[in-house]
Protein chains: 2
Amino acid sequence: MHSMDSTDAALLALLQSDGRLSAAELGRRVNLSQPAVSARIHRLEQAGVITGYRASVDPAKLGLNIHAVIRLRTTHAQIPTALAMFDKLAEITNTYRLTGEDCFLLDVHAGSAERLERIVDTVARLGPVTTSLVLRAYPPKAVTSPQQQ
Amino acid sequence: MHSMDSTDAALLALLQSDGRLSAAELGRRVNLSQPAVSARIHRLEQAGVITGYRASVDPAKLGLNIHAVIRLRTTHAQIPTALAMFDKLAEITNTYRLTGEDCFLLDVHAGSAERLERIVDTVARLGPVTTSLVLRAYPPKAVTSPQQQ
DNA sequence: CTTGAAAATAGACACCA
DNA sequence: TGGTGTCTATTTTCAAG
């Protein structure tokens with residue numbers, strides 16, 4: 001865990017909403033010079049607080065109009081098999097392993113009901129699945145340090 | 001939906017893994033000149049395919065060692081109330097509205113079991129909840145256009 | 001879309017508070 | 001740690017082919 005002050009927290013919040021803000025621009029917003037901001041960001045990266053920068057893509061704009069979540073109940077022995085399977089299915093963009101009955105939670109972005117059906121059928125070979133359509137994904141919030149809350 | 005070729009798809013994949021790649025660097029990887037890459041990215045942004053750029057943060061490094069998902073069953077009438085509640089709880093970083101029994105799926109990053117308990121108790125005022133701990137979140141995969149699959 | 005040049009900007013460094 | 005000033009590297013934008 002990293003020792004954070006409120007300036008670091010502000011920088012993290014800003015970079016989570018716009019990962020392309022320059023050090024100079026960040027400095028303007030948190031009242032710090034560009035080199036000071038650069039140094040802080042470098043420290044946050046080195047410490048593993050910032051793990052990377054990613055572009056966000058709208059799946060629907062790529063024709064992936066169906067967003068679903070699948071819960072899978074499987075056995076402990078099948079976990080490696082399951083992970084290999086998820087890896088091969090490009091429509092599965094997110095995988096959580098959960099407590100409970102050896103459960104996985106998967107995000108699926110599919111281009112058609114037929115594609116979704118195929119994914120569900122494939123995953124269901126490993127155990128019982130529960131599939132729900134995502135009617136709406138609300139904009140994610142920034143992860144903030146506990147002090148801020 | 002946006003008309004995409006394989007170069008656009010490659011650019012999207014690269015930017016999803018590193019949102020700070022420069023146009024020149026992207027051009028080197030997809031064999032395109034830097035201005036051509038800039039133009040394509042601009043088009044993808046204008047078309048809403050690229051919705052933004054975000055820094056990824058490791059919640060554990062901020063002391064948020066507990067990652068849980070909460071499913072909530074509530075009534076249709078309480079949906080606005082629920083959304084307002086989720087908005088106020090900083091530990092809830094992600095909200096999906098699901099089909100099925102008026103259900104929400106929430107991601108929670110909490111600093112302690114006590115904090116998680118408080119979140120669960122708060123959310124549970126709206127209806128029955130199921131809470132699971134996330135033992136492991138696998139690295140998300142890039143969203144890719146159907147042609148690539 | 002490419003090349004080439006110009007203008008703008010960002011990031012890195014040294015030095016001082 | 002942070003601020004200022006500067007220098008360099010890099011980026012983006014624009015013109016022309």
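Chain A is the first sequence line, chain B the second, and so forth, proteins listed ahead of strands; every chain is numbered from 1. Excluded from the calculations below are hydrogen atoms, water molecules and symmetry mates; all remaining heavy atoms, backbone and side chain alike, are included. Quantities reported herein were computed from a predicted structural model and do not represent experimental measurements.
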Trainee: Taking only side-chain nitrogens and oxygens of Arg40(A), does any of them come within less than 4.0 Å of OP1 or OP2 of dG2(D)?
Mentor: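 Yes, within the criterion.
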
Trainee: Under 4.0 angstrom, heavy atoms only, what part of the nucleic acid is Ser33(A) near: base, sugar-phosphate, or nothing?
Mentor: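 Counting heavy atoms under 4.0 Å across all strands, the contact made by Ser33(A) includes a base.
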
Trainee: Of the listed nucleotides (dG3(D), dC14(D), dT12(D)), which one gets closest to any side-chain atom of Pro35(B)?
Mentor: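 Closest nucleotide among those given: dC14(D).
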
Trainee: Whole-Å distance between dG11(C) C1' and Glu25(B) CD?
Mentor: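 Distance check: Glu25(B) CD to dG11(C) C1' gives 17 Å.
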
Trainee: Within the distance-only criterion (no hydrogens, no angle test), does the side chain of Thr51(A) pair as donor or acceptor with the backbone N or O of Ser56(B) below 3.5 angstrom?
Mentor: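 Present.
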
Trainee: Nearest whole Å is fine: how far is dT3(C) P from Arg28(B) CZ?
Mentor: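 For the pair Arg28(B) CZ and dT3(C) P, the rounded distance is 13 Å.
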
Trainee: Is the shortest side-chain heavy-atom distance between Arg54(B) and Arg54(A) below 4.5 Å?
Mentor: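 No, too far: nothing below the 4.5 Å cut-off.
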
Trainee: Any luck finding a side-chain donor-acceptor pair between Thr81(B) and Gln78(B) under 3.5 Å?
Mentor: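 There is no such pair (donor and acceptor under 3.5 Å, judged by atom type) between the side chains of Thr81(B) and Gln78(B).
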
Trainee: Hey, are Tyr96(A) and Asp107(A) close enough side-chain-wise for a donor-acceptor pair under 3.5 Å?
Mentor: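 Note: Asp107(A) and Tyr96(A) side chains miss the donor-acceptor criterion.
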
Trainee: Take atom CG of Leu11(A) and atom P of dT1(D), then tell me their distance rounded to the nearest Å.
Mentor: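 Result: 13 Å.
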
Trainee: In whole Å, what is the span from the CG atom of Asp8(A) to the C1' atom of dG2(D)?
Mentor: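 Atom-to-atom, Asp8(A) to dG2(D), this comes out as 13 Å.
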
Trainee: Taking any heavy-atom pair under 4.0 Å as a contact, classify Arg43(A): base, sugar-phosphate, or nothing.
Mentor: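 Answer is sugar-phosphate: Arg43(A) comes under 4.0 Å of backbone atoms only.
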
Trainee: Donor-acceptor pair under 3.5 Å: do we get one between Gln34(A)'s side chain and the base of dA12(C)?
Mentor: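 Under the 3.5 Å cut-off, the side chain and the base do form a donor-acceptor pair.
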
Trainee: Find the distance Leu21(A):CG to dG11(C):C1' and express it as a whole number of Å.
Mentor: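 Taking CG of Leu21(A) and C1' of dG11(C), I get 15 Å after rounding.
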
Trainee: Tell me the interatomic distance from His42(B), atom NE2, to dC14(D), atom P, rounded to whole angstroms.
Mentor: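 One finds 10 Å between P of dC14(D) and NE2 of His42(B), rounded.
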
Trainee: When you measure from the side chain of Ala24(B), which nucleotide among dT12(D), dG2(D), dT11(D) comes out closest?
Mentor: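 Of the candidates, dT11(D) comes closest.
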
Trainee: For the backbone of Leu14(A) and the side chain of Ser17(A), can you confirm whether one donor and one acceptor N or O come within less than 3.5 Å of each other?
Mentor: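 A pair under 3.5 Å: yes.
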
Trainee: From CG of Asp5(A) over to C1' of dG2(D), roughly how many Å is that when rounded to an integer?
Mentor: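 From Asp5(A) CG to dG2(D) C1': 12 Å.
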
Trainee: Please state how far atom CZ in Arg20(B) lies from atom C1' in dT9(C), giving the value in whole angstrom units.
Mentor: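 Interatomic distance, CZ of Arg20(B) to C1' of dT9(C): 14 Å.
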
Trainee: Checking all strands, does Ala23(B) fall into the base, sugar-phosphate, or nothing category for heavy-atom contacts under 4.0 angstrom?
Mentor: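 Sugar-phosphate contact only - Ala23(B) comes under 4.0 Å of backbone atoms but never of a base.
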
